[in-house]
**Q** 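Before anything else, here's the structure in question.
Count residues from 1 along the sequence. Because only heavy atoms are used, hydrogens play no part in the values below, and waters and symmetry mates are left out as well, while side chains stay in.
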Amino acid sequence: MGRGRTPRGRARDAADGRRVALTATTAHRQALADAMAPMLDGMDKVVAGFGQQERDTIARRLTGTVAVMRDATLALATENRDS
């Protein structure tokens, strides 16, 4: 595998030969896990420095943010579908 390249499966669409479906292979998932490991380890160290009350506050903030983003996305999708 060359620099910047990731292994993946390719399959031409049987109904539309112009389309190609890309799927992550086991090797691709492992390469991604290897690349992400240092960042994930660092994030674990950051979180380990928070007390339970702080983690609860952060979780509440993230959960609320995801809910707002989901609702906004659904509203935009509905608006675009109706226009």
**Q** Is the count of non-hydrogen atoms from other residues, nucleotides or ligands lying under 6.0 Å from M39 atom CE greater than 12?
**A** yes
**Q** Okay, side chain of R19, backbone of D13: is any donor-acceptor separation there less than 3.5 Å?
**A** no
**Q** Applying the side-chain contact (heavy atoms from CB on, under 4.5 Å) criterion to T57, which one of R61, E54, R60 satisfies it?
**A** R60
**Q** For Q52, check side-chain contact (heavy atoms from CB on, under 4.5 Å) against everything at least two apart and list the hits.
**A** R55, D56
**Q** Say whether M36 and V47 are linked into one hydrophobic cluster, either directly or through other cluster members, by side-chain heavy-atom distances under 4.5 angstrom.
**A** no
**Q** Say you draw a straight line from OG1 of T26 to NE2 of H28; how long is it, rounded to the nearest 0.5 Å?
**A** 11.5 Å
**Q** Can you hop from M69 to L62 via hydrophobic side chains spaced under 4.5 Å?
**A** no
**Q** Measuring from atom CZ of R81 to atom CG of L74, what distance do you get when rounded to the nearest 0.5 angstrom?
**A** 9.0 Å
